[in-house]
Amino acid sequence: QVQLVESGGGLVQAGGSLRLSCVASGLTFSRYGMGWFRQAPGKERESVARISWSGGTTYYADSVKGRFTISRDNVKNTLYLQMNSLTPEDTAVYYCTATSRGGLGLSLNEYDYWGQGTQVTVSS
């Protein structure tokens, strides 16, 4: 059974930082592209950052470029999202996701597995 378990969310003031983690089990982690998506209240789920199986290719939403960094440790089966200079607009539930497809696209349908999400709240 595949599980993606996120952690590291919480309440932080604007300008602060958080580091999200996602531990994967039940799959061969190094064979999956991974991503972080987020969903704010009343809004659609959107891509934040994606990373290839090797970690050699990354993609970021324009809104987080220069502030967020996605990375992975294929030995620890863990995905990370370092979030700096947080703003209230970053408030959302953040989801970890995995895809066996090579495209690392923006469509939710391209992703095979999803975590339960972790809440990030940024106060002004």
Side-chain angles (χ1 to χ4, degrees):
Q1 181 181 358
V2 174
Q3 284 193 310
L4 302 176
V5 180
E6 303 98 335
S7 63
L11 174 64
V12 64
Q13 288 189 331
S17 298
L18 284 173
R19 188 193 196 201
L20 305 184
S21 298
C22 169
V23 178
S25 61
L27 54 72
T28 305
F29 183 73
S30 61
R31 294 182 181 178
Y32 281 75
M34 301 294 295
W36 289 99
F37 283 66
R38 68 185 179 187
Q39 188 165 18
K43 295 188 177 181
E44 294 186 351
R45 194 171 297 190
E46 63 175 2
S47 171
V48 175
R50 293 106 69 204
I51 188 168
S52 63
W53 63 271
S54 67
T57 301
T58 57
Y59 302 98
Y60 294 93
D62 287 343
S63 59
V64 308
K65 279 181 183 177
R67 301 188 298 122
F68 290 12
T69 302
I70 189 171
S71 61
R72 63 189 297 161
D73 185 331
N74 285 349
V75 174
K76 295 182 177 179
N77 287 358
T78 303
L79 177 73
Y80 302 100
L81 184 68
Q82 178 66 44
M83 305 187 295
N84 298 328
S85 303
L86 285 161
T87 74
E89 289 68 37
D90 295 315
T91 295
V93 177
Y94 284 71
Y95 296 92
C96 170
T97 186
T99 178
S100 58
R101 300 167 179 81
L104 285 175
L106 297 173
S107 173
L108 275 62
N109 292 333
E110 296 184 40
Y111 294 84
D112 303 303
Y113 304 105
W114 293 84
Q116 292 298 307
T118 185
Q119 176 71 48
V120 171
T121 303
V122 184
S123 63
S124 58

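Hydrogens, waters and symmetry mates are skipped; everything else that's a heavy atom, side chains included, is used. Bear in mind the structure is a predicted one, so any value in this text is a computation, not a measurement.
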Exercise. Considering all heavy atoms of both residues, which atom of L18 and which atom of V12 are nearest to each other, and what is their separation?
Worked result: CD1-CG1, 4.0 Å
Exercise. What residues form a side-chain hydrogen bond (donor to acceptor under 3.5 Å, both in side chains) with Y111, not counting sequence neighbours?
Worked result: none
For this session: Mind checking ring pair (Phe, Tyr, Trp, His ring centres under 6.0 Å) for W53 and listing every partner two or more places apart, or none if nothing turns up?
Result: none
Seminar exercise, completed: Value for CG (L11) from OG1 (T91), rounded to nearest 0.5 Å, stands at 8.5 Å
For this session: Determine, using the 4.5 Å side-chain heavy-atom cutoff (strictly less than), whether Y59 and Y95 are members of one ILVMFWY cluster.
Result: yes
Exercise. What distance do T121 atom OG1 and D90 atom CG have between them, rounded to the nearest 0.5 Å?
Worked result: 11.0 Å
Seminar exercise, completed: Correct closest heavy-atom pair for G117 and E6 would be N-OE1, 2.9 Å
Problem set entry | Residue pair A24 / F29: nearest heavy atoms and the distance that separates them | CB-CD1, 3.5 Å
Exercise. What's the verdict on side chain to side chain contact (heavy atoms under 4.5 Å, CB included) for M34 and L4, showing C-alpha distance, side-chain angles and the deciding distance?
Worked result: CA-CA 11 Å; M34 301 294 295; L4 302 176; 4.3 Å; yes
Exercise. With the 4.5 Å side-chain cut-off for hydrophobic clustering, are F68 and L104 part of the same group?
Worked result: no
Seminar exercise, completed: Here the gap from L20 atom CG to S7 atom OG, rounded to the nearest 0.5 Å, amounts to 8.0 Å
Exercise. Nearest heavy-atom pair of D112 and S100: which atoms, and what distance?
Worked result: OD2-N, 2.7 Å
Seminar exercise, completed: In terms of heavy-atom contacts, W36 and L81 come closest through NE1-CB, 3.4 Å
Exercise. How far apart are the C-alpha atoms of T87 and R67, what are their side-chain angles, what is the distance that settles it, and do they pass the side chain to side chain contact (heavy atoms under 4.5 Å, CB included) test?
Worked result: CA-CA 10 Å; T87 74; R67 301 188 298 122; 4.2 Å; yes
Problem set entry | More than 12 heavy atoms from other groups under 6.0 Å of CD on Q116 | no
Exercise. Any chain of hydrophobic side-chain contacts (each under 4.5 Å) joining V122 to M83?
Worked result: yes
Exercise. Taking the six-membered ring for Trp, are F37 and W114 parallel (under 30°), tilted (30 to 60°) or perpendicular (over 60°)?
Worked result: perpendicular
Exercise. Are any of the side-chain heavy atoms of Y80 and D73 separated by less than 4.5 Å?
Worked result: yes
Exercise. Would you say V5 and I51 are hydrophobically clustered, going by side-chain heavy atoms of ILVMFWY under 4.5 Å?
Worked result: no
For this session: Kindly determine whether V23 and K76 satisfy side chain to side chain contact (heavy atoms under 4.5 Å, CB included), including the steps that lead there.
Result: CA-CA 8 Å; V23 178; K76 295 182 177 179; over 6 Å; no
Exercise. How many angstroms lie between CZ in R72 and OG1 in T58, if you round to the nearest 0.5 Å?
Worked result: 12.0 Å
Exercise. Is S17 close to Q82 at the side-chain level, that is, under 4.5 Å between some pair of heavy atoms?
Worked result: yes
Problem set entry | Full working for side chain to side chain contact (heavy atoms under 4.5 Å, CB included) between E46 and R38 | CA-CA 5 Å; E46 63 175 2; R38 68 185 179 187; 2.8 Å; yes
Exercise. Do Y60 and V120 belong to the same hydrophobic cluster, where Ile, Leu, Val, Met, Phe, Trp and Tyr are linked whenever their side-chain heavy atoms lie under 4.5 Å apart, directly or via other members?
Worked result: yes
Exercise. What are the two closest heavy atoms between S47 and R50, and how far apart are they?
Worked result: OG-CD, 2.9 Å
